[in-house]
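Note sheet for the following structure.
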Amino acid sequence: MTSYNPSVFLLMVNGQIEGANFPEYDDLYCKYCFVYGHDWAPTSGLEEGISQITSKGRDSSRSLVWNFPLDITFKSTNPFGWPQIVVSVYGPDSFGNDVVRGYGAVHVPFSPGTHTRTIPMFVPESTSRLQKFTSWLMGRRPEYTDPKVVAQGEGREGRVMPCIFTFYFLTHVP
């Protein structure tokens with residue numbers, strides 16, 4: 001009796017989180033994680049990470065630069081649940097507390113090659129004026145307990161940040 005062994009394919013992702021433009025903020029760091037479907041499994045590399053704190057440059061663009069490397073390989077039997085990268089950016093508020101400055105997600109590019117992706121970032125907002133005032137007073141802004149919810153289509157209401165978040169991907173499907 002022969003056993004059925006479904007064929008798999010590999011998706012290799014190499015790249016970096018280059019940087020971002022957050023006009024209102026400085027001294028920020030980012031966290032990333034990958035979200036993927038049930039048929040996907042990481043075979044090597046890191047599924048999540050945290051960058052160093054970066055400050056705005058003195059040049060005219062005043063952008064934040066991380067150049068944070070990404071390297072992960074996935075295997076799957078079908079493309080359903082294609083991996084997404086979820087990014088959360090944090091920084092100090094006026095009281096010195098680390099608060100979320102933006103969430104965003106993007107699918108890993110589908111075609112092999114070199115790709116640059118820009119992610120619109122958003123922050124959740126309190127639903128009432130009382131909650132807004134209380135969160136400001138306590139120094140605790142609304143944030144997701146699990147940032148992976150950002151990769152889903154629902155429950156992502158919030159204020160869109162006027163920022164640019166740039167990724168450089170090199171994908172390869174052998």
Side-chain angles (χ1 to χ4, degrees), residues 13 15-38 40 42 45-70 72 74 80-109 115-169:
V13 180
Q16 66 182 0
I17 298 173
E18 289 183 352
N21 272 335
F22 281 82
E24 300 174 15
Y25 306 116
D26 201 3
D27 299 328
L28 303 180
Y29 65 95
C30 69
K31 295 180 182 180
Y32 77 89
C33 63
F34 285 94
V35 177
Y36 45 87
H38 296 293
W40 290 82
L46 297 174
E47 289 184 65
E48 56 187 32
I50 185 169
S51 75
Q52 78 280 6
I53 296 174
T54 187
S55 298
K56 291 183 178 176
R58 297 181 191 262
D59 61 350
S60 61
S61 70
R62 304 270 303 144
S63 60
L64 299 158
V65 177
W66 284 291
N67 290 332
F68 189 59
L70 302 170
I72 190 167
F74 293 97
F80 181 76
W82 193 269
Q84 297 180 63
I85 186 167
V86 175
V87 177
S88 311
V89 178
Y90 297 86
D93 64 3
S94 55
F95 301 114
N97 301 317
D98 269 358
V99 295
V100 69
R101 295 300 186 192
Y103 292 106
V106 67
H107 279 94
V108 170
H115 305 273
T116 301
R117 295 290 186 258
T118 301
I119 303 175
M121 304 294 281
F122 70 95
V123 291
E125 285 193 333
S126 300
T127 55
S128 72
R129 289 185 182 173
L130 179 61
Q131 286 177 331
K132 285 180 186 180
F133 177 71
T134 304
S135 68
W136 176 83
L137 190 64
M138 303 295 284
R140 297 296 308 163
R141 304 300 193 285
E143 62 182 82
Y144 295 117
T145 54
D146 182 8
K148 291 181 179 183
V149 74
V150 173
Q152 301 169 357
E154 52 202 44
R156 292 186 357 174
E157 292 80 19
R159 179 172 50 97
V160 175
M161 300 296 296
C163 69
I164 299 171
F165 208 93
T166 306
F167 285 94
Y168 165 78
F169 286 107

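Worth knowing before you read on, the calculation uses all heavy atoms, side chains too, and leaves out hydrogens, waters and symmetry mates. Everything quoted here is computed from the prediction, not taken from an experiment.
- Side-chain contact check for Ser51 versus Ile17: every heavy-atom pair is 4.5 Å or farther apart.
- Using modelled atom types, one side-chain atom of Asp93 and one backbone atom of Gly96 make a donor-acceptor pair closer than 3.5 Å.
- With contacts defined as side-chain heavy-atom distances shorter than 4.5 Å, the pair Pro147/Lys31 does not qualify.
- The structure places OG of Ser88 at 7.0 Å from CE of Met121, a figure rounded to the nearest 0.5 Å.
- For the pair Leu46 and Ile72, the minimum side-chain heavy-atom distance is 4.5 Å or more.
- Lys148 NZ to Cys33 SG: the interatomic distance, rounded to the nearest 0.5 Å, is 5.5 Å.
- Considering every non-hydrogen atom in both Cys30 and Val87, the closest pair reads CB-CG1, 4.2 Å.
- Taking OG of Ser55 as the reference point, atom CG of Asp26 lies at 4.5 Å (rounded to 0.5 Å).
- No side-chain heavy atom of Tyr29 sits under 4.5 Å from any side-chain heavy atom of Gln52.
- Remark: the backbone N or O of Glu24 is not paired with any side-chain donor or acceptor of Arg101 at under 3.5 angstrom.
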Exercise. Take Val86 and Val106 through the side chain to side chain contact (heavy atoms under 4.5 Å, CB included) test and state the conclusion after the steps.
Key: CA-CA 7 Å; Val86 175; Val106 67; over 6 Å; no
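- The residue from Tyr103, Phe68, Tyr90 that alone fulfils the ring pair (Phe, Tyr, Trp, His ring centres under 6.0 Å) condition with Tyr32 is Phe68.
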Quiz item: side chain to side chain contact (heavy atoms under 4.5 Å, CB included) between Glu18 and Asn67: does it pass, once the steps are laid out?
Solution: CA-CA 4 Å; Glu18 289 183 352; Asn67 290 332; 4.2 Å; yes
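- Listed for the Lys56 side chain is no donor-acceptor partner under 3.5 Å among the backbone atoms of Asp27.
- Contact annotation: the side chain of Trp82 approaches that of Trp40 to within less than 4.5 Å [non-hydrogen atoms, C-beta and beyond].
- Atom-to-atom distance recorded for Leu28:CG and Asp98:CG is 9.5 Å, nearest 0.5 angstrom.
- Considering only heavy atoms from C-beta on, Val150 comes within 4.5 Å of Phe122 through its side chain.
- In this structure, Ala151 and Ala105 approach most closely via the heavy-atom pair CA-CB, 4.2 Å.
- Between Ile85 and Leu70, some side-chain heavy-atom pair lies under the 4.5 Å cut-off.
- With rounding to the nearest 0.5 Å, the separation of CZ in Phe74 from CZ in Phe34 is 5.5 Å.
- Residue-environment remark: CD (Glu48) stays at or below the threshold of 12 foreign heavy atoms within 6.0 Å.
- Separation of atoms CH2 (Trp66) and CD1 (Ile53) is listed at 10.5 Å; rounding is to 0.5 Å.
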Quiz prompt | Step-by-step side chain to side chain contact (heavy atoms under 4.5 Å, CB included) determination, Tyr36 to Glu47 | solution = CA-CA 10 Å; Tyr36 45 87; Glu47 289 184 65; 2.6 Å; yes
